[in-house]
Amino acid sequence: MLLAIDAGNTSISFGVFDGKELIQKFNLASDKKRSVDEYGVLITSILQQNNIDKNVIEDVILASVVPTLTDTLKYAIKNYLDKDIIKVNTKINTGLTYKLDNPKELGADRIANARAAVEIAKNKPSIVVDFGTATNFDVVSKNKEFLGGAIAAGINISALALSNYTSLLPKIRVEEPPQTIGKNTIDCILSGIIIGHAKMIDGMIENIEKELGEKAIIIATGGYNDIVKHSMKREFDFIEPDLTLTGLRLIYESL
């Protein structure tokens, strides 16, 4: 079995694959203060709770965008599962080529998303919209080339920024607004964040396709797509909650 780990700024996703099948998934908060032992105990305990013997884990592949967590997870996996992690970056064989100024800057999660997008889009270009701490746009050609993309402030960051950097605007629970014209402060914030985000995504997709010179397959992943999609003109062709984990599995299979 394969343990795939996606370590992001807000949470860490773990997926256990039996061949191509994702048989178990769980999440932990991205806590930089947790020790190697704390992560090791948590991971092995959760595996045990889900009736997965840690000894059946044959390999571990990691996509991390948090350098301090990378090392912590590396040693936690080594000490508690007795495995060396496979760290995703542009130096390993991912099945992609990179048309970027500096491929070293590319986040491992975006590499995994792009690899999964190739599998979904087949012989067509694709745009991955990843709703995470940031909202990422990853553009992949029909020839499996990572062409680049865009990074915008994520929905939760936008909501927190309004609360933290203004005197009168409150913290809110992120949800779909009732309409564009808000009748109270909370609905006004929700309209600006959610509908504004949706229109930004529509515009970005339109501009990216204009530069590509053709229509692309649009793939969404991440937590907020269900809230945003109802305010978009363009529909997502695919919504894939486990896109990054699937991409990690595909990268592992290509090594």
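Everything numeric in this text was worked out from a predicted model, so none of it was measured.
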Q) So, H197 and S158: side-chain donor and acceptor under 3.5 Å apart, yes or no? A) no
Q.
Donor-acceptor pair, distance only, cut-off 3.5 Å: does the side chain of S163 make one with the backbone of A159?
A. no
Q.
Would a single hydrophobic cluster contain both L245 and I120, if residues Ile, Leu, Val, Met, Phe, Trp and Tyr are joined by side-chain heavy-atom contacts under 4.5 Å?
A. no
Q: Working to the nearest 0.5 Å, report the span between CD1 of I251 and OG1 of T94.
A: 5.5 Å
**Q.** Closest non-hydrogen atom pair, C188 against G182
**A.** SG-O, 3.6 Å
(Q) When you group the ILVMFWY residues by side-chain heavy-atom contacts below 4.5 Å and let the links chain together, are F131 and V174 in the same group? (A) yes
Q) Is V56 reachable from L47 through a run of I, L, V, M, F, W or Y residues, each pair having side-chain heavy atoms under 4.5 Å apart? A) yes
Side-chain donor-acceptor pairs under 3.5 Å in residues 213-227, sequence neighbours left out?
residue, atom, partner, partner atom, Å
T221, OG1, E240, O, 2.7
N225, ND2, G222, O, 2.6
D226, OD1, K229, NZ, 3.4

Q.
Consider side-chain contact (heavy atoms from CB on, under 4.5 Å). Of I5, D6, L62, L248, which one does V88 pass it with?
A. L248
Q. Does the T70 side chain pair with the main chain of V66, one donor and one acceptor, at a distance under 3.5 Å?
A. yes
Q | Nearest heavy atoms of S126 and A117, plus distance in Å | A | OG-CB, 3.4 Å
Q) Can you find a heavy atom in the side chain of D84 that is under 4.5 Å from one in the side chain of K78? A) yes
Q) Just how far is it from atom CG of L250 to atom CD1 of I61, taken to the nearest 0.5 Å? A) 9.5 Å
(Q) Between L22 and L243, is there shared hydrophobic-cluster membership here, with clusters defined by ILVMFWY side-chain heavy atoms closer than 4.5 Å? (A) no
Q) CG/N207 to CG/L212 distance, rounded to the nearest 0.5 angstrom? A) 11.0 Å
Q. Under 4.5 Å between any side-chain heavy atoms of L106 and Y98, yes or no?
A. yes
Q.
Quiz question: by atom type and distance under 3.5 Å, do the side chains of T244 and D109 form a donor-acceptor pair?
A. no
Q | Working for side chain to side chain contact (heavy atoms under 4.5 Å, CB included), residues I12 and L69 | A | CA-CA 10 Å; I12 309 170; L69 279 180; 4.0 Å; yes
Q. Do the non-hydrogen side-chain atoms of L3 and I77 ever get within less than 4.5 Å of each other?
A. yes
(Q) With side chain to side chain contact (heavy atoms under 4.5 Å, CB included) as the criterion, how do K20 and E253 come out once you've worked through the C-alpha distance, each side chain's angles and the decisive distance to 0.1 Å? (A) CA-CA 10 Å; K20 297 183 183 301; E253 290 174 355; 3.3 Å; yes
Q | CG/N93: more than 12 non-hydrogen atoms of other groups inside 6.0 Å | A | yes
Q. Checking K122 side chain against E119 main chain: does a donor-acceptor pair fall under 3.5 Å?
A. yes
(Q) Closer than 3.5 angstrom, by distance alone: can the side chain of D53 be matched with the main-chain N or O of N55 as a donor-acceptor pair? (A) yes
Q) Under a 4.5 Å cut-off applied to non-hydrogen side-chain atoms, are L96 and I111 in contact? A) yes
Q. Going through the checks in order, is the side-chain hydrogen bond (donor to acceptor under 3.5 Å, both in side chains) test met by T10 and T133?
A. CA-CA 7 Å; T10 303; T133 306; 2.7 Å; yes
(Q) Are the side chains of I43 and L73 in contact, using a 4.5 Å heavy-atom criterion? (A) yes
Q) Which atom names give the shortest non-hydrogen contact between G149 and V139, and what distance separates them? A) CA-CG2, 4.1 Å
Q. Going by heavy atoms in the side chains, are I46 and L28 under 4.5 Å from each other?
A. yes
(Q) Would you say that F137 contacts T135 through its side chain, given a criterion of any heavy-atom pair below 4.5 Å between the two side chains? (A) yes
Q) When you look at CD of E175, are more than 12 heavy atoms from neighbouring residues, nucleotides or ligands closer to it than 6.0 Å? A) yes
Q) Nearest 0.5 Å, what's the CE-CD1 distance between M232 and I201? A) 5.5 Å
Q) Which heavy atom in G148 sits nearest to a heavy atom in L100, and how many Å separate them? A) CA-CD2, 3.6 Å
**Q.** Under 3.5 Å donor-acceptor, N50 side chain and I52 backbone
**A.** no
Q) In Å, rounded to the nearest 0.5 Å, how long is the span from CD1 of I193 to CE of M200? A) 12.0 Å
(Q) What I want to find out is whether E209 reaches R234 closely enough, with some N-O distance under 4.0 Å, to be called a salt bridge. (A) yes
Q: Taking D18 for its side chain and M1 for its backbone only, find out whether a donor-acceptor pair lies under 3.5 Å.
A: no
Q | Heavy-atom pair of closest approach, residues K25 and D242 | A | NZ-OD1, 2.6 Å
Q: Kindly give the heavy-atom pair with the smallest separation between P170 and I189, and that separation in Å.
A: CD-CD1, 3.9 Å
Q. Linking I/L/V/M/F/W/Y whenever their side-chain heavy atoms sit closer than 4.5 Å, directly or via other members, would L169 and L190 fall into one cluster?
A. yes
**Q.** From CD1 (I208) to CG (L147), nearest 0.5 Å
**A.** 10.0 Å
(Q) Taking D187's backbone N and O only, do any of them form a donor-acceptor pair with S191's side chain (distance below 3.5 Å, no angle check)? (A) no
Q.
I'd like to know if the side chain of D138 reaches the main chain of V140, judged simply by a donor and an acceptor atom lying under 3.5 Å from each other, with no hydrogens or angles considered.
A. no
Q.
What I want to find out is whether D59 reaches K83 closely enough, with some N-O distance under 4.0 Å, to be called a salt bridge.
A. no
Q) Any donor-acceptor pair under 3.5 Å linking the side chain of S30 with the backbone of S11? A) yes
**Q.** ring pair (Phe, Tyr, Trp, His ring centres under 6.0 Å) contacts in which one or both residues fall within residues 26-82, not counting sequence neighbours
**A.** F14-F26
Q: Indicate yes or no for a side-chain donor-acceptor contact from K199 to the backbone of S231 under 3.5 Å, with no hydrogens or angles considered.
A: yes
